[in-house]
Each structure stands twice: as C-alpha cells, then as structure tokens.
Amino acid sequence: MRVIDFMEKDVTAIFIDETVEEFIHACVRQSRSGMPVVDSEMYVIGVVTESDIIHAVIPSYMEMLHSTAFIPDTNLVKKRLEEIKNEPISNYMTKKVDVLKTTDTLLSAATLVIKRGYRFVPVIDEEDHLAGIATRASLLEALLR
Amino acid sequence: MDVLTVTLNPALDRVIEIDDFQVGNIHRIFDPTKVHISPGGKGINVSIYLDQLGIKSVALGVVGGLTGRMFHMKLKRDHDGITTSFLYVEDETRENMSVVDKKGNTITEFNLPGPEVDEKHLNLFMKKYVALLSRAKICVIGGTVPTGVPLDIYNVMIEEAKRLNVTTIVNVHGEPLAHAIKAKPTIVKPDIRGSKIVMGKSLKTLEDYVESAKEMLKMGIKMVIYSFEVKNDLVVTPEWTYLFKMKTKLKSENLLGVGDAYIAGLIYGMLNGKDFLESARYGMAAAIADELTKEKDIGGVEGMNNGLKFVGLERIST
C-alpha cells in the first residue's frame with residue numbers, strides 16, 4: 001500500500017506569513033494539533049504544532065523544572081502569547097521537515113512516524129507540492145484494512 | 001491536479017423521507033436509509049460528480065462550526081478522489097434540510113443561514129485560491145456569495161484565473177453573475193432557477209436566450225450554456241448554436257444537482273481532448289444520468305455513456 005492510498009487528502013495548511021493567532025484559531029476550529037507551513041505556491045517549507053507555540057510562551061527554564069506549578073505567574077504566559085500572537089508563524093515553525101511522497105510505502109511512513117514520534121507528516125506530490133497529510137490514525141486505519 | 005472547484009458558501013444537505021408528514025406531530029424515524037446526509041453546494045457537487053467519473057479535483061471552500069466539520073469529514077470519507085482545502089470560520093456552515101413525503105407528494109424545506117465571512121478571512125481565502133489556481137487547468141466557480149463578501153468577488157477570481165491561463169467555468173446567479181460575466185470567463189452556465197433575468201434582460205422565449213448568449217459571446221466568452229424549459233439545454237459558441245434535447249421521455253427521479261453533473265460531464269469531455277460540441281454532449285449525458293437516479297449519482301463513466309444515447313441535438317442557427 002502506498003501513502004496516496006491512505007493519506008488524508010486535505011491540503012489545509014498555514015501560509016508562512018500567517019500569524020500565530022491565526023494558527024491557533026485554525027487548530028481549534030479544525031481540531032488539529034499542527035499544520036504544514038507552505039509558501040504561496042503550496043511548497044512545504046515547514047511544520048508548526050501546538051507544542052512549538054507552547055514552548056515559545058512558557059519560560060525556557062520550565063523544561064528543567066518539569067512542572068508548570070513553578071511558573072511564578074500565569075499572566076506571564078498570557079503576556080508572552082499576547083506579545084507573539086501577531087508574529088508570522090515562520091518564527092516558530094520547524095524548518096527542514098521530513099516529508100513523505102505519495103508514492104512512498106506504508107511501511108516507510110510507519111517507520112518515519114514511529115522513529116520520530118510525529119503526529120502527522122506532510123505528503124508531497126510528484127511536483128513537490130503539498131498533497132495531504134499522513135496522520136497516526138490514518139496509518140493505523142490503513143493497517144486495519 | 002487538473003480541476004479546482006470553488007464553493008464560497010457550501011451546505012450540508014439532509015433529506016429525510018417521512019410518509020404522511022404532518023406539522024405539529026412527532027415523526028420517529030427507525031430506518032436509517034430514510035435519512036440522507038451529503039455535502040452540497042455547486043462546486044462541491046461538481047467535485048463529487050468528477051470523482052464518480054474518475055477525475056481528481058481539489059475542492060476549495062469556506063466552512064465553519066460543527067456543521068462545517070461534519071461536512072468536511074463526510075466529504076473526505078465518501079470521496080477519495082477529492083482533495084479538500086477549506087478555510088474554517090467561526091459561524092456554522094449552511095444546512096439545508098428537506099422533508100420528503102412521498103405519500104402526500106410534498107417537499108418541505110428548511111434552509112438555515114450560512115456563515116459570515118469578514119475581510120480578513122476573505123483575504124486568506126483568496127490566498128489559498130491563488131496558490132491552488134496556479135496548479136489547475138480548469139477552475140469551476142459556483143454558488144451563492146456568503147454574507148460579508150463583496151458581490152464582485154467572482155469577477156476578481158476570474159481575472160486571477162485568466163492571468164494564470166486557467167479555463168474558468170462559472171455557474172452562479174443574480175448580481176454575482178453580472179459581475180462574473182464582465183470578467184469574461186471561458187464558459188458561463190447562468191443559474192436562472194430563481195430569476196430569469198440576466199444582464200438586466202428578462203428571458204422568456206428561445207430567441208431571448210439565444211440573444212442573451214450571443215451578447216455574452218460578443219464580450220469574449222467562449223461558450224454559454226442555458227438550461228431551457230427545464231429539460232433542454234441551449235448551448236451557444238461563436239461557431240454554432242444547438243438546442244440539446246432528450247430523445248426519449250424519461251421518468252425523472254430527481255433534478256437536484258443535475259446542472260452540476262452537466263458541468264462534470266463537460267469537464268470530462270474537455271480533459272479527454274473533445275471539442276466544445278462533444279464535451280457539451282457529455283455534459284447533457286451526465287445530467288440525464290443524474291436525473292435517472294435518486295441521489296447525486298451518475299453511475300460513473302458507464303452511467304454517463306448510457307446517458308449519451310438519450311441526447312438529441314437540434315441546430316437552430318449558425
């Protein structure tokens with residue numbers, strides 16, 4: 001089975017110059033945890049997830065403390081989000097991301113998802129444009145068939 | 001990707017079959033086959049029919065709320081040949097509910113309001129449109145314009161498509177149609193179900209329709225398709241004018257979406273290298289195939305080819 005046979009054929013993505021606020025709204029409205037980031041010709045240039053934004057608004061030392069209970073004031077987080085909400089999403093995306101091709105096998109997609117722990121992987125067509133996404137659920141469903 | 005369909009104001013269609021429907025009564029439905037839910041809207045319907053003909057398309061639209069999510073999910077689940085690209089807004093996607101009472105021979109419809117689209121979201125939508133347009137050969141623009149969107153939006157969209165050498169097929173009505181015509185799309189199929197007034201002129205006789213179509217051709221439009229007296233199609237190009245008729249009287253099962261099936265058949269012909277006349281034959285064949293079934297189903301290429309034998313042509317002028 002190839003990626004094209006089970007991927008979600010949805011090219012919903014966020015443009016590189018869209019803002020953090022627009023990304024958050026898009027995720028909430030579509031129940032998504034992240035999205036591919038594309039340029040004006042639908043070439044994938046990155047991926048952005050909720051985690052990227054959470055990491056951006058929570059003080060960096062929190063990673064060492066392992067608990068948000070140590071945050072002195074939640075208003076700090078709110079204030080930080082307020083500061084970055086109008087920034088372009090490109091400031092927070094992961095660049096040089098792994099992508100799958102529509103012709104890749106289910107096995108290679110599964111390997112990538114397991115190895116890297118991705119919730120979703122952008123899928124590109126033969127001209128390298130965004131063609132959809134392969135999610136963990138779509139992979140599992142394909143394995144059930 | 002060969003085809004991009006654009007539906008600014010799609011709808012979730014629900015059809016419930018209830019015999020002896022009575023206002024004020026509770027009607028409990030135990031048979032799930034009596035409830036039909038399908039994503040609708042002109043561009044979406046064209047994508048659905050194209051999928052049945054084995055043609056992949058990208059469906060671009062604005063959806064919102066829980067209804068929008070359900071709409072999106074249903075489209076993805078049922079149509080593998082359709083790639084979706086939806087802009088989500090806060091308000092709910094339109095819902096059209098019909099209660100069909102076969103015993104009483106009535107149809108009761110409830111058309112719920114659609115979302116409001118503000119300038120910010122419209123700009124985002126246009127960005128998606130241009131990005132997807134650059135990869136398309138044919139772009140289908142159809143349906144109503146949501147609240148908040150300027151009525152000349154289709155004019156802007158057609159101009160953009162022309163800039164990128166993309167063939168445009170427009171199926172809209174009212175003021176948005178008038179604006180769209182000014183941008184000279186490749187093919188126009190005016191939606192005249194509500195009002196038979198196009199470019200300020202009332203259409204009554206066949207001559208009125210021909211004159212209206214020729215006026216559009218003079219502006220630079222390549223082909224005009226008018227539905228004439230429900231079952232016939234008037235098709236006009238600079239080279240010929242034909243009235244397409246059904247050869248045999250057939251029993252219609254439904255007329256919902258037949259215009260969209262027509263466009264899918266037309267595109268099938270065009271993408272297979274047929275000229276406008278032959279493509280129009282496929283268009284009518286697809287519409288006939290759809291008319292002979294209960295729901296949005298033309299029975300694939302086989303069903304459409306079967307419809308071809310019922311297509312009759314009458315050349316009415318040169």
Side-chain angles (χ1 to χ4, degrees), chain A residues 1-32 35-45 85-86 88-90 102 120 122-135 137-138 141-142 144-145, chain B residues 1-2 4-5 39 47 50-51 56-93 115 117-137 160 164:
Chain A
M1 190 183 282
R2 303 280 160 185
V3 170
I4 195 159
D5 300 319
F6 68 86
M7 70 179 195
E8 286 192 19
K9 295 188 179 80
D10 180 38
V11 290
T12 301
I14 192 132
F15 287 106
I16 189 165
D17 55 350
E18 280 187 67
T19 64
V20 169
E21 185 178 20
E22 283 159 352
F23 166 71
I24 294 170
H25 285 315
C27 281
V28 170
R29 286 172 186 160
Q30 298 173 60
S31 298
R32 297 269 290 261
M35 284 184 194
V37 182
V38 294
D39 66 9
S40 60
E41 291 178 1
M42 299 295 282
Y43 289 111
V44 178
I45 46 168
K85 71 174 188 185
N86 292 321
I89 205 68
S90 54
T102 49
F120 73 93
V123 181
I124 56 170
D125 62 18
E126 61 279 6
E127 291 165 343
D128 293 343
H129 293 111
L130 179 66
I133 53 168
T135 64
S138 63
E141 196 180 39
L144 274 178
R145 282 183 215 160
Chain B
M1 187 258 292
D2 286 335
L4 172 67
T5 66
S47 275
L50 285 173
D51 183 32
K56 294 189 189 316
S57 66
V58 174
L60 173 66
V62 179
V63 296
L66 286 173
T67 315
R69 276 200 223 170
M70 190 174 167
F71 176 98
H72 195 170
M73 192 61 73
K74 183 84 180 142
L75 196 65
K76 278 202 290 192
R77 283 270 158 198
D78 294 352
H79 302 283
D80 195 46
I82 302 175
T83 295
T84 52
S85 179
F86 291 143
L87 177 75
Y88 276 72
V89 292
E90 197 62 33
D91 297 345
E92 292 287 329
T93 286
V117 179
D118 61 20
E119 194 184 346
K120 189 176 149 189
H121 283 97
L122 180 64
N123 290 340
L124 266 176
F125 183 84
M126 286 305 290
K127 215 165 165 179
K128 277 174 179 279
Y129 170 70
V130 174
L132 293 168
L133 197 59
S134 59
R135 298 161 54 195
K137 286 182 189 161
E160 201 60 51
L164 295 167

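Chain naming here is simple, since letters A, B, ... match the order of the sequence lines and numbering starts at 1 in each. Remember, predicted model here, so these are calculated numbers, not experimental data.
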Worksheet item: Within a radius of less than 6.0 Å around CZ of A:Arg145, do more than 12 heavy atoms belonging to other residues, nucleotides or ligands occur?
Response: yes
Practice prompt. Tell me, for A:Ser40 versus chain B, whether the close heavy atoms (under 4.5 Å) come from the side chain, the backbone, both or neither.
Written response: backbone
Worksheet item: Quick one: of A:Leu130, A:Val38, A:Asp39, A:Val11, who has the most non-hydrogen atom pairs under 4.5 Å with chain B?
Response: A:Val11
Worksheet item: Do you know which of A:Glu8, A:His25, A:Gln30, A:Glu22 has the most heavy-atom pairs under 4.5 Å to chain B?
Response: A:Gln30
Worksheet, complete the sentence: To the nearest 0.5 Å, atom NZ of A:Lys9 lies from atom CD1 of B:Ile82 at 11.0 Å
Practice prompt. Drop me the distance from A:Thr12's OG1 to B:His72's NE2, to the nearest 0.5 angstrom.
Written response: 5.0 Å
Fill in: Side-chain ion pair, B:Lys128 and A:Glu18, N-O less than 4.0 Å
no
Item to complete: Supply the atom-to-atom distance A:Ile4 CD1 to B:Lys56 NZ, rounded to the nearest 0.5 angstrom.
Response: 6.0 Å
Worksheet item: In terms of heavy-atom proximity below 4.5 Å to chain A, should B:Leu60 be classed as side chain, backbone, both, or neither?
Response: neither
Discussion item. What part of A:Asp125 gets within 4.5 angstrom of chain B, counting heavy atoms only: side chain, backbone, both, or neither?
Written reply: side chain
Discussion item. Tell me if the CE atom of A:Met1 is crowded by more than 12 foreign heavy atoms within 6.0 Å.
Written reply: yes
Discussion item. With a 3.5 Å distance limit and no angle check, can you tell me whether B:Arg69 reaches the backbone of A:Arg29 through a side-chain donor-acceptor pair?
Written reply: yes
Item to complete: Count the heavy-atom pairs under 4.5 Å between each of B:Val130, B:Val58, B:Val63, B:Leu124 and chain A, then report the option with the highest count.
Response: B:Leu124
Worksheet entry | Options B:Glu90, B:Lys120, B:Lys76, ranked by heavy-atom pairs under 4.5 Å with chain A, top entry | B:Glu90
Fill in: Side chain / backbone / both / neither for B:His121 at chain A, heavy atoms under 4.5 Å
side chain
Fill in: chain B contact via A:Val28 - side chain, backbone, both or neither, heavy atoms under 4.5 Å
backbone
Worksheet item: Which heavy atom in B:Thr83 sits nearest to a heavy atom in A:Asp10, and how many Å separate them?
Response: CG2-N, 4.2 Å
